[in-house]
Participant: 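One structure follows; several queries about it will come next.
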Amino acid sequence: MAANHQQDGGSQGGWVRFKDDWSGITNPTQRRRMQNRQNQQRLRSRRRRQDTDTDTTVAASTQLVLTQTLPTCANPWDMSAVVRTLSLIHILDPHSEQSQILIRRFEEFAHAMYAARVPQITLLPSLSQFNVIRALQENIKVLGLLPDELSDDAISPFNSPNSLRFASSPPHQIPSSLAHTQLQVTTIHHPWIDLLPIPALRDNLFRRGLESFDEDELCHDIRGRTPGHNPGMLVWRDPWDVSGWEVTPAFVRSWGWTLVGCWHLLRSTNAWRAKRGEGPLFRIPDE
């Protein structure tokens, strides 16, 4: 890791510090996994109630965005409608008519702003968030996940009987970056984790123990909270290609422990920063 992010007392290589040493944690028992799943379900339900207040409010907000005109080329600085549009795109609901309309409206807006040569700095936060949303939604399609496999209380098909359809699929049908790991099969989890094309990162989550951190916080920080927060990860290429992913300094500060051993992602991050003339974020051995 670059010197300005390095901490003493870190893991092997000294490039990230752990609040706790999770290296000795073993796989939780079945009962513990089920308890964790229930806790995560309750947490998601509580967060959903806090974020939306009531279903009536959500419906009203959605209708407002669907009927509201996004900023025009003549008035590109009013971004309130853009923020509302992004906040209403549900990552785990890519097939719904509402999601498709919202995505189409945002794409039309982005193309219009590009044609009008609006300064990139104005659009970059929204575009970056949108790219992460679309990347995760595309990986849903790549994995062939069905709508009922993505509900708040869903269990990943990788650790359910349905995982047989993945095991029987020819290897070329699923990119290696999204192929399941042993921990992914043996640890009960929500399928949103399966969408991250970084096997080492997924395994870090399972080793740490899903009950030891807030999954919603992690998901929000990867995507970026609207308004006012850039995503913790950036996507520049095909969503299943880890060489097109980049992590931000803010994500490293909050979630550095998830990046242990994610060498492809660390190298990719340094490479994309170099393209912009920025220094490396990570110090990697033999580089």
Participant: I would like to know whether I89 and Q137 meet side chain to side chain contact (heavy atoms under 4.5 Å, CB included); could you show each step before the answer?
Facilitator: CA-CA 10 Å; I89 299 175; Q137 289 189 338; 3.9 Å; yes

Participant: Can you confirm whether the side chains of Q184 and N159 place a donor and an acceptor under 3.5 Å from each other?
Facilitator: no

Participant: Check whether S212 reaches the backbone of G209 with its side chain - one donor and one acceptor, N or O, closer than 3.5 Å.
Facilitator: yes

Participant: Taking atom types as modelled, is there a side-chain donor on S243 or R237 under 3.5 Å from an acceptor on the other?
Facilitator: yes

Participant: Any chance you could measure L88, atom CG, to I103, atom CD1, to the nearest 0.5 Å?
Facilitator: 12.0 Å

Participant: Could you tell me whether the side chain of L92 reaches within less than 4.5 Å of the side chain of H190, counting heavy atoms only?
Facilitator: yes

Participant: Would L195 and E138 satisfy side chain to side chain contact (heavy atoms under 4.5 Å, CB included), going step by step from the backbone distance to the final call?
Facilitator: CA-CA 9 Å; L195 309 180; E138 187 62 27; over 6 Å; no

Participant: Of all heavy-atom pairs between V242 and S268, which one has the smallest distance, and what is that distance?
Facilitator: O-OG, 3.4 Å

Participant: Is any side-chain heavy atom of R273 closer than 4.5 Å to a side-chain heavy atom of P249?
Facilitator: yes

Participant: Is the closest side-chain heavy-atom distance between S126 and F106 below 4.5 Å?
Facilitator: yes

Participant: I'd like to know if the side chain of T85 and the backbone of L102 have a donor-acceptor N/O pair within less than 3.5 Å.
Facilitator: no

Participant: Kindly indicate whether the side chain of N204, heavy atoms from C-beta on, has any atom under 4.5 Å from the side chain of R208.
Facilitator: no

Participant: Of all heavy-atom pairs between P199 and S176, which one has the smallest distance, and what is that distance?
Facilitator: CG-O, 4.3 Å

Participant: Under 4.0 Å between a Lys/Arg side-chain N and an Asp/Glu carboxylate O for E246 and R276?
Facilitator: yes

Participant: Ignoring hydrogens and angles, tell me if any N or O in the side chain of S99 forms a donor-acceptor pair with the backbone of H95 under 3.5 Å.
Facilitator: no

Participant: Please answer whether the main-chain N or O of S128 pairs with a side-chain N or O of N230 as donor and acceptor at a distance below 3.5 Å.
Facilitator: no

Participant: Which pair of heavy atoms, one from W240 and one from P197, lies closest together, and at what distance?
Facilitator: O-CB, 3.9 Å

Participant: List the steps and the verdict of side chain to side chain contact (heavy atoms under 4.5 Å, CB included) for F282 and V252.
Facilitator: CA-CA 10 Å; F282 302 102; V252 175; 3.7 Å; yes

Participant: Inspect the surroundings of CD in E278 and state if more than 12 heavy atoms from other residues, nucleotides or ligands are less than 6.0 Å away.
Facilitator: yes

Participant: Look only at the side chain of E149 and the backbone of L146, and say whether a donor-acceptor pair between them is shorter than 3.5 Å.
Facilitator: yes

Participant: What is the distance from atom CG of L145 to atom CG of D194, rounded to the nearest 0.5 Å?
Facilitator: 6.5 Å

Participant: Quick check for you: to the nearest 0.5 Å, what is the distance between F251 atom CZ and L259 atom CG?
Facilitator: 5.5 Å

Participant: Which heavy atom in P285 sits nearest to a heavy atom in W263, and how many Å separate them?
Facilitator: CD-CZ3, 3.9 Å

Participant: In this structure, would W236 and V142 fall into the same cluster of hydrophobic residues linked by side-chain contacts under 4.5 Å?
Facilitator: no

Participant: As an exercise, state the distance from CG of L205 to CD of E215, rounded to the nearest 0.5 Å.
Facilitator: 8.0 Å

Participant: Return the CG to CD1 distance between L234 and I222, rounded to the nearest 0.5 Å.
Facilitator: 12.0 Å

Participant: Would you please say whether a donor-acceptor pair under 3.5 Å links the side chains of D203 and T181?
Facilitator: yes

Participant: Consider only side-chain heavy atoms of I, L, V, M, F, W and Y, link residues closer than 4.5 Å, and tell whether W192 and L143 are in one cluster.
Facilitator: yes

Participant: What is the distance from atom CD1 of I91 to atom NE2 of H220, rounded to the nearest 0.5 Å?
Facilitator: 8.5 Å

Participant: Under 3.5 Å, is there a donor-acceptor pair between the side chain of N270 and the main chain of L281?
Facilitator: yes

Participant: Is M233 close to T248 at the side-chain level, that is, under 4.5 Å between some pair of heavy atoms?
Facilitator: no

Participant: Would you name the heavy atoms of Q129 and L86 that are closest together and state the gap between them?
Facilitator: OE1-CD1, 3.9 Å

Participant: Between H111 and F109, is there a donor-acceptor pair closer than 3.5 Å when you use the side chain of the first and the backbone of the second?
Facilitator: no

Participant: What are the two closest non-hydrogen atoms of S156 and P191, and how far apart are they?
Facilitator: N-CD, 3.8 Å

Participant: When hydrophobic residues are tied together by side-chain contacts of less than 4.5 Å, even through go-betweens, does L266 share a cluster with W272?
Facilitator: no

Participant: Between W255 and E217, do the side chains contain an N or O donor and an N or O acceptor separated by less than 3.5 Å?
Facilitator: no

Participant: Is L218 close to F213 at the side-chain level, that is, under 4.5 Å between some pair of heavy atoms?
Facilitator: yes

Participant: Indicate the ring-plane relationship of H180 and F158, choosing parallel, tilted or perpendicular according to the 30° and 60° boundaries.
Facilitator: tilted

Participant: For the pair F130 and E107, evaluate side chain to side chain contact (heavy atoms under 4.5 Å, CB included) and give the outcome as yes or no after the intermediate values.
Facilitator: CA-CA 9 Å; F130 182 73; E107 288 176 337; 3.6 Å; yes

Participant: When you compare the side chain of I284 with that of R267, does any pair of heavy atoms fall below 4.5 Å?
Facilitator: yes

Participant: Any heavy-atom pair between the side chains of L136 and P239 that's under 4.5 Å?
Facilitator: no

